[in-house]
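Note that the structure is predicted; figures quoted are calculated from it, not measured.
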Amino acid sequence: MPSTALAGIRVLDLSRILAAPLATQMLGDLGAEVIKVERPGTGDDSRTYGPPFAPGTDAAAFYLSCNRNKRSVTVNHATTEGQELIRALAARSDVLVENFRAGTLAKYGLDHTSLLALNPRLVYLSVTGFGQTGPYARRPGYDGIFQAMSGMMSVSGHPDEPMKVGVSMVDILTGLYAATAVLAALRHRDATGEGQFVDLSLLDCGLASLSHFAMNYLVSGEVPRRRGNGGYGGIPSQAFQCADKPLFLVAGNDKQFAAFCAAADRTDLLQDPRFATTSARITHREEILPVLEDIMRTRTRDEWLALLDQHDVPAGPFNEMPEVFADPQIRHREMLAETEDPESGRLPLLANPIRLSATPVGSYAPPPALGEHTAEVLGRLAGVTEDQLDGLRARGVV
């Protein structure tokens, strides 16, 4: 069996909810040993973010979505003994990830300055709402707030209604930025022997994700308009209602538009100077879209999909969740995985989409029960005996 990409890397995960746990789950999928440190008794808040819960358990699907391939240890960081245990684990870890509000962990001697002094090779990643600096640094915040503040909602929705993305998109994007940052810092550490502090802000990541929308504004000074299911690239690139159901069509460049016109038997559109080139179609957007809407209503969705596929024009249906997981391409790519959970039995999971030829994602350990690995991890890495563990439990430390 090939080695995993991050075999030998140990991640101490002090995070909860979504963005940072997604990052540590990614690292766990890639083979790192991830030790999730949780509060005794309650654990990660997301454990209770249900229904739905896994059958026969009190584990919310929300928690299950971002905590596989981890080991759960309970430690009360607010106690002196708990702080010593976390320091002992940090001393033997390659990466530490936390998402406490700025300044919180400094009160317990668990901030990056303290732990990098203890372990100079440590990559210490802090994920916060607004970052470690600036006038908002100590404010709390959640995904919807950052979708609003970053400008994401300003470009999403219909013209008369700003709208957030349905999923917690800023959290998810931040998790991906976080995993990338850790890998870059590990590369630097391996080359120089030096760890470092990584300061990641959800607001920053939300703004960075605006990409070409933000760049269009910076170059032109024009505020982007909300266009519903329409895009800002070539025309057409949006949803269209067919005779029965909608589909999403992208024929933004000249070759694709010519192929669409051939599929629709409307090559006359190519002779109209308003529609003959990509730039012309963007300029005359309001004139061509009604024409395309009328064309699309002449056939059913499935008729259009078959016809467009024959002409190599990009298009796809709007799938509800049952259709997503029944799609033959999704099934072929094995994006629906499963694992055996000791409590709930068969547990379906979204697979990691990364396909590595030499070091593939090997397996998915089920998200751990609260404190499931406390005795094993503290014994192995902190030298805690069973008798000592009993005393720590009695004092509310673990």
Short side-chain donor-acceptor distance under 3.5 Å, Ser126 and Glu98: yes
Thr24 versus Asp13, side-chain donor and acceptor atoms under 3.5 Å: yes
Ile172-Leu349 co-clustered via ILVMFWY side chain contacts under 4.5 Å: yes
Any donor-acceptor N or O pair under 3.5 Å, side chains Gln147, Asp143: yes
Sidechain N-carboxylate O distance under 4.0 Å for Lys70, Glu33: no
Under 3.5 Å side-chain donor-acceptor pair for Glu343 and Thr57: no
ILVMFWY cluster, Phe213 and Tyr177 together (side-chain gap under 4.5 Å): yes
Donor-acceptor side-chain pairing of Thr300 and Asp302 below 3.5 angstrom: no
Arg39 and Asn76: side chain donor to acceptor below 3.5 Å: no
Donor on one side chain, acceptor on other, Asp171 and Thr174, under 3.5 Å: no
ring-ring contact (aromatic ring centres under 6.0 Å, His included) partners for Tyr136, two or more places apart: Phe130
Face-on cation placement of Arg331 at Phe325 ring, 6.0 Å and 45° thresholds: no
Salt-bridge criterion met for Arg346 and Asp341 (N-O under 4.0 Å): no
Val37 reachable from Val384 in the ILVMFWY side-chain graph, under 4.5 Å edges: yes
Any Leu200 side-chain heavy atom under 4.5 Å of Cys205 side chain: yes
Partner of Glu81 under salt bridge (charged side-chain N to carboxylate O under 4.0 Å, His left out), chosen from Arg393, Arg87, Arg395: Arg395
Contact check, side chains of Leu356 and Thr4, non-hydrogen atoms, under 4.5 Å: no
For Ala185 against Val123, the heavy-atom pair lying closest together: CB-CG1, 3.5 Å
Verdict with reasoning, Glu287 to Arg274, per side-chain contact (heavy atoms from CB on, under 4.5 Å): CA-CA 9 Å; Glu287 296 159 75; Arg274 297 172 300 169; 3.0 Å; yes
Where at least one partner belongs to residues 56-106, residue pairs that pass ring pair (Phe, Tyr, Trp, His ring centres under 6.0 Å), sequence neighbours excluded: Tyr49-Phe62, His77-Phe100, His77-Tyr108
Same apolar cluster: Val167 and Leu18, side chain cutoff 4.5 Å: yes
Shortest non-hydrogen contact from Glu334 toward Ala351: O-CB, 3.4 Å
